[in-house]
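Naming: A, B, ... by sequence-line order, numbering from 1 per chain. Because the structure is predicted, anything quoted here is derived from the model rather than measured.
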There are 2 protein chains.
Amino acid sequence: MTAEVRPASPPLTERQEARRRRILHATAELACRGGFDAVQMREVAEAAEVALGTLYRYFPSKIHLLVATMQDQLDHLHATLRKRPPSGAAASERVAETLMRAFRALQREPNLADAMVRALTFADRGVSREVDTVSRRTTAIILDATGLEHPTPRQLSVVRVIEHTWHSALITWLSGRASIAQVKVDIETVCRLIDLPDPAADPAADAEPAGPAVPA
Amino acid sequence: MTAEVRPASPPLTERQEARRRRILHATAELACRGGFDAVQMREVAEAAEVALGTLYRYFPSKIHLLVATMQDQLDHLHATLRKRPPSGAAASERVAETLMRAFRALQREPNLADAMVRALTFADRGVSREVDTVSRRTTAIILDATGLEHPTPRQLSVVRVIEHTWHSALITWLSGRASIAQVKVDIETVCRLIDLPDPAADPAADAEPAGPAVPA
DNA sequence: ATCAAGTCTGAAACTTGTTCTAGATTAGCG
DNA sequence: CGCTAATCTAGAACAAGTTTCAGACTTGAT
């Protein structure tokens, strides 16, 4: 619950970049077998061949580490998705298709998914910045799928709702409380919101347009 | 990650019931100042005047304890809500009104909300049963607000999506990444799904109707 | 090449959730 | 009442996240 060293990351040397990569790689490795609990800081440090203190210098907590891993994986995913854009006619279909593709990717490594998603939702205020980065990337993926160039505030809210559903549905699946089929139905259900017309004037829609409300 | 003693709870003696109450009360107390981190098992035990081992006999983990606390609070809430049912004309308005009332209740004790919600989303498979109870109570509250007597599978999916949004929006608020106004907009946005007509035939809608998919 | 500042290592210590043990208490029953 | 099984207590012990520290190593600038 400490650590304040964000104000613009100083450029890393090559060896440092390599260490960072080794750490993230070891983390994903351990997460793939065993999930959240199997990612133990001492083991990550050992597998990445860095001292425990160094691991904590790079990632100030286990949660930071796993959220950073998620950022990493999201980058891969976004790149993959760009290569073959969704094919549906309606925006809602394209978004649902995109999310189901992401879902299938997560199903391939359910333990890794477990580790990343649990970290994401367990993160407290100290990890706001990093969680927000993940959220912005997810938003970007969804907006890409909609094809919208200049989304209205209402549409942004719809995208947020889709993201909420996405995260929470993942959790219920990971904790064994919902089936894959149910997640699919829920995603398709929420995506229907996209195609709804914007009501002309709704004063509630643009209270606090976007951007996080992170306190100093 | 052990403990299997659910198959019908044996009736508790009076003293046991009292202990259970003391524990839940102490938990809520500690949670109110300090949130999730302030609920420390040793402190709960001390405040409730039971031994640590006894605390663990009643609630096999901190997560179980906090989820049970949430069940407790939900009961209060549901009772309160029944007294003054929502007044909106459309089902979507009534649900939004109900959830916003619940939200305002949580705002009164944000630390307690933090403890309960974090526990809920962090819970792993070992807590499925208890989390599912909370989920069913939440569903009941929402269905009450809709006024629907015999919801269709599609409508149940909508209710699940609303629940997803509710949980996830709470998390973003608790972690300081969304304002109260944003949560309000998101809730109102997702509630618009309720008033959508049921498309006549959608084969996806009734794959795996309801009920948790908890493995033995 | 050399010095200062910053970084990395290894190891121990500390915190808090969880488990375990031995003995005291309690509850139900004949 | 007296017995037995279950429950409760106090406290130690263990596990994993986090912090700390002394000393070795790098880096960058002179």
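Side-chain contact annotation: B/Ser157 with A/Thr189, donor-acceptor N/O pair under 3.5 Å present. Judged by distance alone, the side chains of B/Thr13 and B/Arg15 never bring a donor and an acceptor atom under 3.5 Å apart.
Under the 4.5 Å side-chain criterion, counting only non-hydrogen atoms from C-beta, A/Phe59 is in contact with A/Leu24.
In this structure, the NE2 atom of A/His64 is 13 Å from the C1' atom of D/dT18, given to the nearest Å. Summarising the geometry, the separation between CG on B/Leu66 and C1' on C/dG17 is reported as 12 Å, rounded to the nearest angstrom. When rounded to the nearest whole Å, the span between CD of A/Glu46 and P of C/dC8 equals 19 Å. The OH-P distance, from B/Tyr56 to D/dA12, rounds to 17 Å in whole Å. The distance from atom CE of B/Met41 to atom C1' of D/dG11 is 17 Å, rounded to the nearest whole Å. We find that CG of A/Leu30 is positioned 14 Å from C1' of D/dA16, with the value rounded to whole Å. A/Gln40 places its CD atom 11 Å from the P atom of D/dA15, with the value rounded to the nearest Å. Residue B/Asp124 contributes atom CG, which lies 14 Å from atom C1' of C/dT18 at whole-angstrom precision.
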Which pairs would a plain distance check flag for residues 99-113 of chain A, meaning a side-chain donor or acceptor within less than 3.5 Å of a matching protein atom at least two apart in sequence or in another chain?
| residue | atom | partner | partner atom | Å |
| --- | --- | --- | --- | --- |
| A/Arg101 | NH1 | A/Arg84 | O | 2.9 |
| A/Arg101 | NH2 | A/Arg84 | O | 2.6 |
| A/Asn111 | ND2 | A/Cys32 | O | 3.0 |

Less than 3.5 Å apart, which donor and acceptor atoms pair up between the side chains of residues 137-144 of chain B and the rest of the protein, not counting sequence neighbours?
| residue | atom | partner | partner atom | Å |
| --- | --- | --- | --- | --- |
| B/Arg137 | NH1 | B/Asp75 | OD1 | 2.7 |
| B/Arg137 | NH1 | B/Asp75 | OD2 | 2.9 |
| B/Thr138 | OG1 | B/Val134 | O | 2.9 |
| B/Thr139 | OG1 | B/Ser135 | O | 2.8 |
| B/Thr139 | OG1 | B/Glu163 | OE1 | 2.7 |
| B/Asp144 | OD2 | B/His78 | NE2 | 3.2 |
| B/Asp144 | OD2 | B/Arg82 | NH1 | 3.1 |

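Closest approach to the A/Ser61 side chain among C/dG17, D/dT18, D/dT9 is made by D/dT18 (side chain taken as heavy atoms from C-beta onward). The side chain of B/Gln16 lies closest to D/dC8 when the candidates are D/dC8, C/dT7, D/dG17.
A cation-pi arrangement is absent between B/Lys62 and B/Phe122 under the rule of less than 6.0 angstrom and at most 45 degrees off the ring axis.
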With the sugar-phosphate defined as primed atoms, P, OP1 and OP2, and the base as all remaining atoms, what B/S/- string results for nucleotides 20-30 of chain C, 5' to 3', for protein heavy atoms under 4.0 Å? -------S---
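For C/dT7, the OP1/OP2 oxygens have no side-chain nitrogen or oxygen of A/Tyr58 closer than 4.0 Å.
Remark on DNA chain C: of its neighbouring residues A/Glu49 and B/Arg42, the 5'-side contact belongs to A/Glu49, judged by nearest-heavy-atom nucleotide.
Of the inter-residue distances, the one linking A/Gln16 atom CD with A/Thr54 atom OG1 reads 10.0 Å to the nearest 0.5 angstrom.
B/Val39 comes within 4.0 angstrom of sugar-phosphate atoms only, judged by non-hydrogen atoms across all strands, and of no base.
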